[in-house]
Each structure stands twice: as structure tokens, then as C-alpha cells.
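Report on the structure given below.
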There are 4 protein chains.
Amino acid sequence: MRKLDPVKHEEKRRDILEAAGRCFVRKGFRGTTVSDICSEAKISAGHLYHYFPSKEAIISAIAEARLEQANERFSRTTEEHNALGAILSEIDWTNSMSGASGLVARFEILAEAGRNPAMAEILQKHNRGMCRLLGGLLRKGQACGQIDPELDPELVANVLLSVLDGFKTVSIRDPETDLKKSFHLLKVLITRFLAPPSATPDT
Amino acid sequence: MRKLDPVKHEEKRRDILEAAGRCFVRKGFRGTTVSDICSEAKISAGHLYHYFPSKEAIISAIAEARLEQANERFSRTTEEHNALGAILSEIDWTNSMSGASGLVARFEILAEAGRNPAMAEILQKHNRGMCRLLGGLLRKGQACGQIDPELDPELVANVLLSVLDGFKTVSIRDPETDLKKSFHLLKVLITRFLAPPSATPDT
Amino acid sequence: MRKLDPVKHEEKRRDILEAAGRCFVRKGFRGTTVSDICSEAKISAGHLYHYFPSKEAIISAIAEARLEQANERFSRTTEEHNALGAILSEIDWTNSMSGASGLVARFEILAEAGRNPAMAEILQKHNRGMCRLLGGLLRKGQACGQIDPELDPELVANVLLSVLDGFKTVSIRDPETDLKKSFHLLKVLITRFLAPPSATPDT
Amino acid sequence: MRKLDPVKHEEKRRDILEAAGRCFVRKGFRGTTVSDICSEAKISAGHLYHYFPSKEAIISAIAEARLEQANERFSRTTEEHNALGAILSEIDWTNSMSGASGLVARFEILAEAGRNPAMAEILQKHNRGMCRLLGGLLRKGQACGQIDPELDPELVANVLLSVLDGFKTVSIRDPETDLKKSFHLLKVLITRFLAPPSATPDT
DNA sequence: CATGAATGAGCTTTCATTCAT
DNA sequence: CATGAATGAAAGCTCATTCAT
């Protein structure tokens with residue numbers, strides 16, 4: 001007779017997902033146990049299975065959620081920026097997140113996608129979305145002469161997003177990296193790359 | 001009388017490491033069991049412990065070996081190329097490795113390094129080495145006017161290596177990517193980035 | 001004000017018991033979960049405990065109910081048949097139930113009774129009832145010369161009921177058995193067994 | 001290099017199977033836990049899996065072994081008895097086994113076979129074997145006039161074996177049954193059933 | 001050197017049962 | 001009455017590691 005379900009249920013699901021997210025950052029997908037997640041979410045061992053059918057499902061859900069969030073943020077960003085601005089804003093946001101929190105999950109997802117087809121599909125789906133957004137911006141930039149018209153927007157989008165992910169490794173490779181400086185350098189890199197050949201890009 | 005040890009021993013160690021490498025590509029560090037490795041290396045379960053004290057040690061050794069190999073290859077490359085050539089050659093080599101084989105391990109290492117200090121240290125040590133090599137080339141390029149002298153060689157090296165790693169995700173993100181085209185695009189990206197401002201880079 | 005209870009309650013109890021019965025046939029006593037039963041009975045997980053204190057109680061109740069039904073049916077049968085007729089009618093009924101539905105539960109009960117004293121007692125109680133019924137018929141048959149008077153009615157009843165249960169395994173042992181033929185054979189078997197020695201039984 | 005395996009291994013396998021057998025008698029297939037078996041076999045929790053891939057496999061192996069033993073014993077029996085003698089000897093053996101030990105497993109197997117196709121197949125395979133043996137004896141009996149030639153040997157074999165299984169329930173149904181008397185009664189039953197119509201069967 | 005039997009902690013998952021609503 | 005969230009013990013099974021041979 002009581003019908004508080006749908007809301008509470010979804011809320012709890014989110015709680016668990018967040019708890020799982022924190023665990024995954026600390027120990028990785030495979031290093032995290034279901035027990036870890038239950039402790040973190042303050043629920044009992046078996047109760048997790050009222051919300052998710054398996055650990056695998058939680059991993060998928062986390063990946064999906066993380067990528068979804070990224071897409072949404074990027075979608076908002078693209079509404080008020082041009083291509084270059086959107087990319088830079090994205091990097092800026094990445095850098096602002098102190099610590100590995102969000103970043104590590106990224107590599108976990110990439111590593112997993114390299115051998116788990118289900119994960120690969122999730123990743124690809126979201127990547128297509130982001131490429132479309134960025135590709136559109138690039139085309140606009142080309143239309144108004146800000147961007148080299150010779151570049152293939154779709155390809156550039158894919159490559160730039162890859163490069164962005166790569167950039168996230170900078171502080172793992174060398175923790176003493178000056179993030180401000182390297183951010184500026186990446187900005188130069190992208191600016192010079194996209195600029196129409198005739199233009200004389202600055203440093 | 002038993003005096004063939006040191007050589008044979010080292011040989012076997014390498015065998016095991018290679019077997020482990022193949023397993024890790026297929027199932028990841030955590031998804032691979034010691035049993036998997038022993039089967040692949042065609043040795044018995046316990047015998048592996050004559051060569052490595054723990055699974056963790058194998059993971060470290062693999063990471064070390066992989067990065068060592070990369071460094072050596074890059075070291076050789078740098079002897080006969082300028083900065084741009086070395087980077088392009090590196091990308092070329094990456095692309096030539098069909099399949100995820102070498103690449104996946106890379107993200108595994110990065111994800112692991114993000115939360116495991118021991119792995120982080122290994123990664124950082126080798127990254128320093130590669131940065132030094134690439135940094136030296138960049139400086140030479142600057143000296144002879146091929147590369148923008150305003151760029152900080154060390155920082156550029158670190159960023160470029162990161163970008164390179166990112167580029168490896170291209171085909172995971174979108175398996176239908178035309179690798180040749182995207183390789184060419186990356187070449188353009190790097191060329192334009194490094195070129196002295198006055199120069200008119202090609203497409 | 002709430003006064004429809006006793007009737008409704010008993011009704012629901014029976015519903016649940018029937019649902020449980022269907023589950024037990026499919027998965028056995030131990031293979032069936034309380035959840036299975038609740039789903040089948042279309043009630044919620046915890047609500048079942050308003051009707052039964054435990055799963056064990058449901059198992060007992062089912063066994064009791066099944067045996068009770070069998071007794072009642074046999075009781076009705078005995079009113080209008082002689083011994084041989086009653087037995088044959090019983091076998092006929094068994095055969096008419098296509099599928100394992102009722103039969104499987106029988107072996108489940110026997111196996112359980114072999115190790116669970118509570119179940120054993122239930123089984124024995126009902127067996128005594130059926131033996132009394134069948135024993136009475138046999139005695140009548142002896143009185144009117146249809147049945148060998150040398151046979152001990154109680155013992156014969158118990159053995160015949162056992163044989164009947166055994167006969168139920170025929171189609172499990174060999175699913176291609178011709179039930180009609182084997183039914184006829186059993187009829188011959190019982191007829192010859194019970195017939196007074198002088199009589200010349202037919203085939 | 002050591003090669004004590006094949007023998008020791010098979011021996012241990014048998015040990016475990018015997019331990020499992022004892023557990024199954026006490027608690028049934030589903031009521032027995034892997035832990036129970038390991039304790040009974042005095043091995044550690046996980047070690048069982050060096051010998052059997054799953055609990056299911058143990059259940060199958062037990063069923064197979066039990067039925068195999070029964071077949072072998074019956075095979076030996078048939079070499080020195082005629083049909084009636086073989087059956088009686090079989091019943092005798094059954095009765096001699098005090099307690100439910102062997103019997104319970106029988107109903108467990110039958111109940112399981114009623115819903116588990118794998119178990120059903122095992123049961124059917126062995127039943128075919130026993131039917132062939134018994135069928136052969138029956139035919140011989142018919143040839144020398146001891147057995148009613150009108151009876152279909154295969155069908156009779158299957159029905160008799162079923163009846164035999166049913167007879168095993170006698171002491172579960174009524175623990176106070178006089179086994180000697182009921183054994184004698186069954187002997188009468190089978191004798192009269194098989195005897196050629198003209199013959200005057202004894203009591 | 002080499003084997004594989006053996007261990008035992010711990011993993012994911014299930015399930016009978018309770019209880020707040 | 002009725003729900004389903006919640007519990008926690010225990011299930012089947014895996015796995016890194018040790019050790020007698």
C-alpha cells in the first residue's frame with residue numbers, strides 16, 4: 001500500500017553508485033570488493049543486490065554515469081563557447097579537480113574498454129556524442145574563418161578528445177609538473193593546430 | 001655442478017614475464033590469475049615463486065620491462081632522428097602494432113599508477129628518462145631553428161608524451177577511425193605546434 | 001470491524017500452499033526459495049510470514065496437504081470399489097496426471113522422510129490411514145473369496161502401497177515406456193498376486 | 001618430475017566421493033554444503049575443487065557411482081541366478097542394509113531426476129543396463145518354462161525394477177514393518193506374477 | 001629444479017527472516 | 001493487511017601462496 005518507492009529507490013541507487021565511485025577511485029574496478037562498496041554506502045552485505053544485479057552492473061552504471069556527466073557538462077559548455085573555448089574550458093575543469101578522483105576512473109574505463117566489449121560500447125557511444133558536439137563547433141569555427149577549413153571536423157574532434165585524455169596523464173607521469181604552465185602550453189598547442197595556415201599564431 | 005643457473009634462470013624469468021604480458025593484455029592486471037600466467041608459461045603453479053616472490057612483483061616487473069623497452073626503443077630512435085622525426089616514428093610504431101596488445105597495458109599502468117605509489121614511481125622514473133631524451137632533441141631543434149625557441153623543452157616533452165598516450169585511445173574510442181588519416185592529422189598537430197611562429201607550416 | 005478474517009485468511013493460506021506446490025514440483029523443496037513462492041503466489045516477500053512461520057512450515061504443510069488429498073481421494077474411491085478396483089483406480093489416476101507434477105513431490109517427500117523425523121511422522125500417519133482403508137477392502141475381498149485368504153491384509157496393504165509408489169518411477173526411469181502397456185502389466189501383477197491360489201488368472 | 005599422481009589422485013577422489021555420500025544420506029543433495037563435504041573428507045574448503053569442478057559434479061558423480069555399483073552387483077548376481085532368484089537376491093541385499101544409508105540416496109536421485117535432465121539421463125542409462133540384464137534372465141526363464149511366456153520381458157523388467165524401488169519405501173512408511181514378513185510377501189508377489197498361468201503357485 | 005596437492009582467507013551472490021511504514 | 005527495504009549468515013567458489021615430495 002505504501003508507495004514511497006520510485007523516488008527513494010532511485011535516490012538510494014544513486015547513493016550506492018556514489019559510494020562505489022569513491023571506492024573505485026581508491027582501489028580500481030577489480031580491486032574494489034562488493035563489501036567495500038556496501039561499507040562505504042553503509043548498507044548490509046546483501047542489500048546491494050536489491051539495487052544492482054551484480055558488481056559488473058555497478059561498474060557499467062558508474063562508467064555510464066561518469067561519461068554521461070561529462071557529456072552533459074560538455075554540452076552546456078558548447079552552448080556558450082566556440083570550439084577552442086570549449087576545449088580549453090574542458091581542460092580547465094579537469095585541472096581544477098584536484099587529485100586523481102575523476103581522472104583515474106577515466107583510465108580505468110579506457111583499460112577496461114580495451115578488453116571488455118560491453119565497456120567498449122559504452123565508451124564509444126558517449127564518444128560519438130562528444131565528437132558530434134565538438135565537430136559542430138569546429139565546423140562553425142571554419143565557417144567564420146577562425147579554424148583551418150582544410151581540417152576534417154569529425155577526425156579532428158576525435159583526435160582532440162584523445163589528446164585531452166592524454167593530457168590528463170601529465171600529473172601522473174610527473175607529479176611536480178606545473179599545471180598552470182602545462183595548461184598554457186596545451187592551449188598554445190591547440191591554438192596553433194586549429195589556426196588557419198595564413199594566420200600568425202602567437203605564443 | 002649446477003652452474004648453468006644464472007643464464008637459464010634469467011631466461012626463464014623473461015619467458016614468464018612474456019607469458020604474463022600476454023595474459024595481462026587479455027584480462028588486465030587484476031583479472032589475470034597466477035594460474036593463468038603459469039598455464040601460459042607452461043610451468044607449474046608453485047614453480048613461478050622461484051622466479052617472482054608475488055603476483056604484485058610480476059606486475060611491477062612487467063610495467064618496468066614494458067617501460068624499459070619503450071625507453072630503449074625511443075633511445076635508439078632519438079639517435080637517428082630530430083625531435084619531430086622521433087615523435088612521428090614513435091607514433092608510427094604504435095600504429096603499426098595492430099590490436100590492443102601493447103596499448104592496453106599502457107592504460108592499465110596509468111590507472112594503477114593513479115592509486116598505487118609503487119607503480120607511480122616506476123612510471124615517473126621512466127617518464128623522466130623519456131623527457132630527458134626528447135627534451136634534448138627539442139633543444140637541438142631550437143638551436144638549429146627548426147623549433148620555436150620560446151617553448152620550454154622539458155615541459156613540451158612531458159606534454160607531447162602525454163598527448164602521444166592520449167592518441168593511443170583513438171581506436172578504442174572509435175574502432176572505425178581511419179588510423180592513417182588520424183596519424184597524419186597528429187603529424188600536422190605536432191608540426192604546427194613546434195614550428196617557429198614565422199614559418200608557414202604545411203597541411 | 002475487520003471480521004472477514006478467518007475465512008479470507010484460510011483462503012489465502014491455501015493459495016500460498018498451492019503456489020508453493022507448483023514451485024516445489026519445478027525446483028524441489030530445497031531448490032525453491034521463499035521468494036519463488038511469493039512471486040508465484042503474487043504476494044510480497046514478507047507477507048508470507050503472516051500465514052506461515054517459516055519455509056519449513058510450508059514444506060510440512062504441503063506434505064500434509066498432499067497426503068491428505070491422496071487419502072481423501074482414496075477414501076472416496078474405496079467406497080465404490082473392491083480392493084483390486086480401488087488400487088487400479090488409484091494407478092489410473094496417477095497415470096492420468098500427465099507430467100511429473102504430483103509424482104515428483106512424492107519422492108521429495110520420501111527422500112525427506114528418510115532423514116527428517118518430522119516429515120517421517122507425517123508420512124507414517126497418512127500411510128497408516130491408507131493401510132487401514134486398503135486393509136479393510138482386502139479383508140472384505142477375502143471374505144467373499146475374491147482374495148487369497150492366506151494373505152495378511154495389513155502387510156499386503158503396506159506392500160501394495162509401496163509397490164504403487166515404485167510404479168510411479170516407471171516413466172522417470174524410461175521416458176519412452178508405454179504407460180498403457182505397463183499399466184496393464186501392473187494390473188496383471190496385482191491380480192495374480194491377490195487371486196486365491198486355485199483361481200486361474202488371465203493374462 | 002614426481003609422478004605419484006594418477007593413483008593418489010583417483011584415491012583421493014574416491015575418498016571425497018565417499019565423504020559426500022555420507023553427507024548426502026544425512027542431509028540430502030541440496031541440504032549438504034560443500035563445507036560439510038570438506039569437513040567430512042578432512043580437506044580444506046577450496047581443495048575440493050582440485051578434484052571436482054562443482055558441487056553439481058559431485059552429485060552427478062555420486063549418482064553415477066551408486067548406480068554403477070548397483071549395476072555391477074546385479075550383473076554378478078545374474079550370473080548365478082535365474083530371474084526370480086536374481087530379483088529376490090536383490091531385495092535380500094537391500095533389506096540387509098540396515099538403516100536408510102543406501103536407500104535414501106535412491107529417492108534423492110529419483111526426485112532429482114524428475115526435474116534435472118542431467119540426472120534423468122544418468123538414471124535412464126543405468127536403468128537400461130539393468131533392464132537388459134533382467135530382461136535376458138526373464139527370456140531364459142520363459143525358454144525353460146519357468147516364466148509365463150506371454151509376458152513382454154523388457155516391460156516386465158522395467159516394471160519389476162520399479163516395484164523393487166517402491167518396496168524400499170516400506171520401512172520409511174512404517175518403521176515397525178516386519179521386514180522378514182514383507183520380504184516374504186514380495187517374494188510371493190513376484191513368484192505369482194511371473195509363474196506360467198497353469199502352474200499352481202505356492203504361498 | 002619442478003610439481004601439484006593443500007591451505008584458508010576472501011570473493012560474489014543468495015536467501016530466510018525481520019521490521020518500519 | 002500488506003509492502004519491500006533491510007539484515008546478516010552462509011552458500012558456492014576462487015585464488016595467491018606454501019610445502020612435501
Side-chain angles (χ1 to χ4, degrees), chain A residues 1-6 8-9 11-13 30-38 41-58, chain B residues 2 4-5 8-9 12 30-38 42-58, chain C residues 2 4-5 8-9 12 30-38 42-58, chain D residues 1-6 8-9 11-13 30-38 41-58:
Chain A
M1 292 267 157
R2 290 296 142 57
K3 275 285 142 73
L4 301 175
D5 314 7
K8 282 241 176 192
H9 189 89
E11 217 166 84
K12 195 85 194 168
R13 232 186 96 102
R30 303 307 168 187
T32 297
T33 73
V34 171
S35 264
D36 289 339
I37 299 173
C38 291
K42 293 191 177 86
I43 60 173
S44 73
H47 190 38
L48 181 143
Y49 289 85
H50 278 272
Y51 298 94
F52 297 93
S54 68
K55 186 189 169 186
E56 213 53 35
I58 298 179
Chain B
R2 306 204 228 91
L4 293 174
D5 295 12
K8 284 241 178 192
H9 192 270
K12 197 83 193 168
R30 302 307 168 194
T32 297
T33 72
V34 171
S35 233
D36 288 338
I37 298 172
C38 292
K42 292 189 178 92
I43 60 171
S44 71
H47 191 38
L48 180 140
Y49 288 83
H50 281 269
Y51 299 93
F52 297 94
S54 70
K55 186 188 171 186
E56 213 52 35
I58 299 179
Chain C
R2 306 203 229 89
L4 294 173
D5 296 11
K8 285 241 177 190
H9 192 268
K12 197 82 194 167
R30 304 305 171 195
T32 296
T33 72
V34 172
S35 232
D36 288 339
I37 299 173
C38 292
K42 290 188 179 93
I43 60 171
S44 72
H47 192 38
L48 181 142
Y49 288 85
H50 280 271
Y51 299 94
F52 296 94
S54 70
K55 186 188 169 186
E56 213 53 35
I58 299 179
Chain D
M1 293 263 158
R2 290 295 142 55
K3 274 286 143 70
L4 302 174
D5 313 6
K8 283 243 177 189
H9 189 90
E11 219 166 83
K12 195 86 194 170
R13 232 187 96 103
R30 303 307 168 189
T32 296
T33 73
V34 172
S35 263
D36 289 339
I37 299 173
C38 291
K42 293 192 178 86
I43 60 172
S44 72
H47 190 38
L48 181 142
Y49 290 86
H50 278 271
Y51 299 93
F52 297 93
S54 67
K55 186 190 170 187
E56 213 54 34
I58 299 179

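To find a chain, count down the sequence lines: A is the first, B the second, and so on, and within it residues start at 1.
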Quick one: which of E:dT3, E:dC11, F:dC13 gets closest to the side chain of D:S54?
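Looking only at side-chain atoms, D:S54 lies closest to F:dC13.
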
Out of F:dA9, F:dC13, E:dT17, which nucleotide sits closest to the side chain of A:A45?
F:dA9

How many Å lie between [atom1] on [X] and [atom2] on [N], as a whole number?
| X | N | atom1 | atom2 | value |
| --- | --- | --- | --- | --- |
| B:I43 | E:dG4 | CD1 | P | 12 Å |
| A:I37 | E:dT13 | CD1 | P | 10 Å |
| A:D36 | E:dT12 | CG | C1' | 12 Å |
| B:K8 | E:dC1 | NZ | P | 10 Å |

Base-paired stems in DNA chain E, each at least three Watson-Crick or G-U pairs under 3.5 Å
E:2-21 with F:2-21

Assign each of D:V34 and C:K12 to its nearest nucleotide of DNA chain F by heavy atoms, then name whichever residue's nucleotide is nearer the 5' end.
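Comparing both residues, the 5'-ward one is C:K12.
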
Got a second to check how far B:R30's CZ is from A:T32's OG1, nearest 0.5 Å?
11.0 Å

Among residues 46-53 of chain B, which contact DNA chain F at a heavy-atom distance under 4.0 Å?
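B:G46, B:Y49, in order of number.
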
Donor-acceptor pairs are to be reported for all side-chain atoms of residues 42-54 of chain D against protein atoms at under 3.5 Å, with residues two or more places apart or in another chain.
from, atom 1, to, atom 2, distance (Å)
D:S54, OG, D:E56, N, 3.4
D:S54, OG, D:A57, N, 3.1

So, using side-chain hydrogen bond (donor to acceptor under 3.5 Å, both in side chains) as the criterion, who are the partners of B:S35 when residues are at least two apart?
none

